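Chain naming here is simple, since letters A, B, ... match the order of the sequence lines and numbering starts at 1 in each. Because the structure is predicted, anything quoted here is derived from the model rather than measured.
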There are 4 protein chains.
Amino acid sequence: MPRITPERREAKRAEILAAARRCFSRDGFHQTSMPDIATEAGVSAGAPYRYFASKEEIIVAIAGDAFRLLFEPVERIAAGTRAASVADLMAASLEVLSAETVTDAAGHPVPVEELLRCAVQTWSELLRDDAVRAHAVEGFESVRRSITEALQRGQTAGAVPSAVPPERAARLVMGLLHGFLLQRVAFELTDTAAFGDDIRTLL
Amino acid sequence: MPRITPERREAKRAEILAAARRCFSRDGFHQTSMPDIATEAGVSAGAPYRYFASKEEIIVAIAGDAFRLLFEPVERIAAGTRAASVADLMAASLEVLSAETVTDAAGHPVPVEELLRCAVQTWSELLRDDAVRAHAVEGFESVRRSITEALQRGQTAGAVPSAVPPERAARLVMGLLHGFLLQRVAFELTDTAAFGDDIRTLL
Amino acid sequence: MPRITPERREAKRAEILAAARRCFSRDGFHQTSMPDIATEAGVSAGAPYRYFASKEEIIVAIAGDAFRLLFEPVERIAAGTRAASVADLMAASLEVLSAETVTDAAGHPVPVEELLRCAVQTWSELLRDDAVRAHAVEGFESVRRSITEALQRGQTAGAVPSAVPPERAARLVMGLLHGFLLQRVAFELTDTAAFGDDIRTLL
Amino acid sequence: MPRITPERREAKRAEILAAARRCFSRDGFHQTSMPDIATEAGVSAGAPYRYFASKEEIIVAIAGDAFRLLFEPVERIAAGTRAASVADLMAASLEVLSAETVTDAAGHPVPVEELLRCAVQTWSELLRDDAVRAHAVEGFESVRRSITEALQRGQTAGAVPSAVPPERAARLVMGLLHGFLLQRVAFELTDTAAFGDDIRTLL
DNA sequence: CATGAATGAGCATTCATTCAT
DNA sequence: TATGAATGAATGCTCATTCAT
């Protein structure tokens with residue numbers, strides 16, 4: 001008979017994960033030590049190991065989460081868009097990526113800044129870590145698929161020019177989203193609205 | 001009076017840097033140890049410290065170099081383009097980023113793959129490291145300026161629509177370049193030609 | 001060009017090994033930490049790792065050495081005996097195992113007590129560690145072979161009864177040697193001479 | 001008033017002990033963790049502490065048991081032997097040590113292999129642990145006493161030569177038993193019958 | 001100048017033990 | 001009584017950096 005309920009266990013796991021995310025965002029995956037995470041979470045040094053087998057497992061969880069939380073709204077927008085033009089899709093997506101916080105599965109707000117910083121680090125990590133790569137590529141493809149489908153509907157409806165195959169156009173959209181994300185977090189892009197506006201104008 | 005000529009010293013420094021780049025590309029900044037670099041360069045463990053004050057300094061040098069080598073051709077294209085459309089500029093740039101090697105200051109070929117992998121890691125690094133950030137942002141702004149100027153000339157010549165201020169359009173171009181670079185190295189983008197073609201088509 | 005000569009390197013390796021042996025003899029393989037060994041050897045915590053890849057490797061070295069040093073004299077006796085009776089062989093061997101010290105390859109005296117305590121621990125270790133087992137079994141067989149040959153010569157000369165095949169009789173001799181060794185170190189056998197005398201009497 | 005009967009308590013204690021013995025035999029005293037034992041016994045991590053104050057106490061119990069279970073039959077043989085020759089005594093003892101299982105106090109069969117592996121580890125342990133040493137030495141002396149008495153009866157009856165004082169001859173017998181035990185478990189002695197036969201032949 | 005041995009702080013992880021429930 | 005979550009000290013090992021030669 002467990003002394004803590006599965007809910008409490010899950011809550012504590014989430015707390016440790018949130019602490020890890022704060023540390024990773026602030027100091028980086030490799031500059032953050034396990035004691036750092038434990039201290040940030042307010043637990044003992046051994047406690048995280050009751051919830052995660054290794055630091056690596058925490059990194060994989062954080063990496064997967066970061067992409068999921070950032071791009072879930074984008075997927076939702078793509079899925080809900082009847083006949084989006086590329087520009088509409090982009091504009092809606094950038095609005096999400098420009099928010100202050102998003103809401104995680106448990107309903108807690110998570111700073112977008114934190115997620116962005118973890119996402120950028122995940123790109124580094126996936127170059128060498130197969131578990132991270134698998135998660136990240138899967139997430140990437142999922143979003144791309146949603147966008148592809150939205151563009152297909154757009155072409156059918158005539159809102160999107162048919163000159164470019166949707167799955168290839170979706171790569172361009174992903175490229176712009178990533179490029180935006182990166183400039184926002186690393187290259188002092190402050191006027192986030194302009195980025196979307198300009199895309200609309202140019203297309 | 002130095003016992004080795006400045007030329008030899010510079011050559012050895014470059015060798016150590018090239019070794020570090022291979023290590024960083026293969027194993028990552030933080031999974032690469034200083035002994036790893038020394039071994040890869042075929043020098044003693046202490047030798048790198050006669051050319052660089054710390055590992056940090058090597059990372060800064062590599063990070064700066066990666067961006068410079070990758071984007072110098074882009075800058076050159078931008079500077080040399082009389083009246084580029086955005087699409088022309090992108091197409092020429094992507095061609096460079098799709099090459100096998102670029103040539104460094106000393107005339108040695110450097111695999112683009114290696115540079116791309118270091119570049120992605122640099123994005124992580126600059127989030128926390130001010131020296132890296134300063135170099136990277138400076139490089140970013142330099143390229144953006146070149147592109148801005150090319151676009152201005154394009155607008156003057158009528159090849160580029162005037163609806164979007166050039167310095168803002170240049171951000172879009174940089175976003176697409178970064179997005180392309182990332183997909184090429186991390187998200188299995190193999191048909192690099194299509195990416196450029198599609199941009200031309202859509203614009 | 002190495003800064004220390006191979007001789008000095010070997011000497012230092014031997015010093016660390018000797019320190020490890022003292023620690024292991026006093027506290028046991030698993031109660032001895034790597035810092036303990038470093039401290040006992042008067043070097044820094046990292047130093048032993050320049051000579052041994054792991055604690056395991058030190059244990060294997062010590063285990064192999066303990067048997068070699070203890071039984072090399074026994075092998076020499078067996079090899080040098082023209083026509084030994086079993087009793088003569090035992091008596092000579094027990095004398096060696098009753099000495100205060102034996103001399104190692106470098107000519108340094110090593111307390112037999114220390115070796116005996118390590119040997120007993122090696123028996124535990126070989127139950128689970130294949131590297132230790134391989135070394136120990138090889139050493140065991142080597143000694144048994146020497147004894148077998150001595151007994152064969154003894155049978156030829158008529159000094160040893162032919163009723164028992166030499167290789168089986170050698171197992172008995174090994175058993176008595178191990179039994180003696182164990183009682184000496186663990187079961188308060190002080191009258192070591194009596195043990196040998198009684199064997200001679202009974203046979 | 002205890003909530004569980006003393007019988008149930010004793011049974012559970014025995015189960016934990018049996019689980020510990022399996023773990024110790026398989027993985028060694030020091031490679032086995034308390035959670036390992038609890039898991040093997042199918043109880044919670046805290047449960048063993050209601051029966052044993054510490055891991056050390058479990059080791060002491062196992063160590064004492066191993067010797068007792070292995071040598072009780074030997075003692076019984078010695079006690080029951082009217083006028084044993086040394087060879088008869090050895091032969092009967094080796095037969096016991098060659099069996100597959102022995103029966104413990106509660107009537108459960110215990111694999112001899114398991115006991116032998118624990119016994120060898122006990123030799124290591126007693127070098128440093130006074131509680132283990134005390135138990136082991138007491139067990140050793142008890143068996144030796146039984147053998148001594150059997151030999152005395154044998155001398156009186158003329159079946160055993162009087163040349164060697166019985167208490168000293170008993171040391172030889174113990175040495176051979178230990179040597180046999182060790183070779184059986186650690187040095188690939190498979191023909192256990194030959195060992196006893198050869199002793200008889202040589203004496 | 002170059003070498004490579006040495007240092008020692010730091011890290012991921014384990015585990016005996018405790019104790020609130 | 002029994003549970004199992006939590007603790008926190010300890011361990012094996014790595015590595016950036018120094019410096020005697």
Side-chain angles (χ1 to χ4, degrees), chain A residues 1-5 8-9 12 30-39 41-58, chain B residues 1-5 8-9 12 30-39 43-58, chain C residues 1-5 8-9 12 30-39 41-59, chain D residues 1-4 8-9 12 30-39 43-58:
Chain A
M1 211 175 304
R3 217 190 55 177
I4 62 172
T5 62
R8 260 202 72 51
R9 183 177 167 82
K12 186 144 188 186
H30 301 292
Q31 287 69 29
T32 297
S33 72
M34 288 296 275
D36 287 345
I37 295 173
T39 301
V43 298
S44 71
Y49 286 94
R50 292 193 58 75
Y51 298 86
F52 303 93
S54 64
K55 185 181 173 181
E56 155 82 10
E57 203 175 291
I58 297 183
Chain B
M1 182 94 48
R3 299 253 285 268
I4 62 171
T5 64
R8 267 217 53 63
R9 183 176 168 83
K12 187 147 187 186
H30 302 292
Q31 286 69 32
T32 297
S33 70
M34 289 294 274
D36 286 344
I37 295 171
T39 301
V43 299
S44 70
Y49 284 94
R50 299 200 58 79
Y51 298 88
F52 303 93
S54 65
K55 185 180 174 182
E56 153 83 11
E57 206 175 290
I58 298 183
Chain C
M1 211 175 305
R3 218 191 53 179
I4 62 172
T5 62
R8 261 204 70 54
R9 184 178 166 82
K12 186 145 189 188
H30 301 291
Q31 286 70 30
T32 297
S33 72
M34 287 296 275
D36 287 344
I37 295 172
T39 301
V43 298
S44 72
Y49 287 94
R50 291 193 59 76
Y51 298 87
F52 303 93
S54 64
K55 184 180 173 183
E56 155 82 11
E57 204 174 291
I58 298 183
I59 291 177
Chain D
M1 182 94 50
R3 299 255 285 271
I4 61 170
R8 264 212 60 56
R9 184 174 167 81
K12 188 147 186 185
H30 301 291
Q31 285 70 32
T32 297
S33 70
M34 287 297 272
D36 287 344
I37 295 171
T39 301
V43 298
S44 70
Y49 284 92
R50 298 199 59 76
Y51 298 86
F52 303 92
S54 66
K55 185 180 172 181
E56 154 82 11
E57 205 175 290
I58 298 183

Go through the structure and list residues passing side chain to side chain contact (heavy atoms under 4.5 Å, CB included) with [X], not counting sequence neighbours.
| X | answer |
| --- | --- |
| Y51(D) | I4(D), R9(D), K12(D), R13(D), I16(D) |
| S54(D) | E56(D), E57(D) |
| T39(C) | none |

Original post:
If you look at every strand shown and take non-hydrogen atoms under 4.0 Å, does F52(D) touch a base, only sugar-phosphate, or nothing?
Top reply: nothing
**OP:** For residues A38(A) and A45(A), report the shortest heavy-atom separation together with the two atoms involved.
**Re:** CB-CA, 3.9 Å
**OP:** Work out which heavy atom in D36(D) is nearest to a heavy atom in Q31(D); give both atom names and the distance.
**Re:** OD2-O, 3.8 Å
Subject >> Under 4.0 Å protein heavy-atom contact, by nucleotide of nucleotides 12-19 of chain E - B base, S sugar-phosphate only >> reply: SBBSSBB-
Original post:
Does G42(C) or S44(B) map to a spot on DNA chain E nearer the 5' end, using the closest nucleotide for each?
Top reply: S44(B)
Subject >> R50(B) or R8(C), whichever maps to the more 5' nucleotide of DNA chain E >> reply: R50(B)
Original post:
In whole Å, what is the span from the NZ atom of K12(B) to the C1' atom of dC1(E)?
Top reply: 9 Å
Subject >> Structure string for DNA chain E in dot-bracket form, Watson-Crick and G-U at under 3.5 Å, | interchain >> reply: .||||||||||||||||||||
Original post:
Which residues pass the side-chain hydrogen bond (donor to acceptor under 3.5 Å, both in side chains) test with S44(A), sequence neighbours left out?
Top reply: none
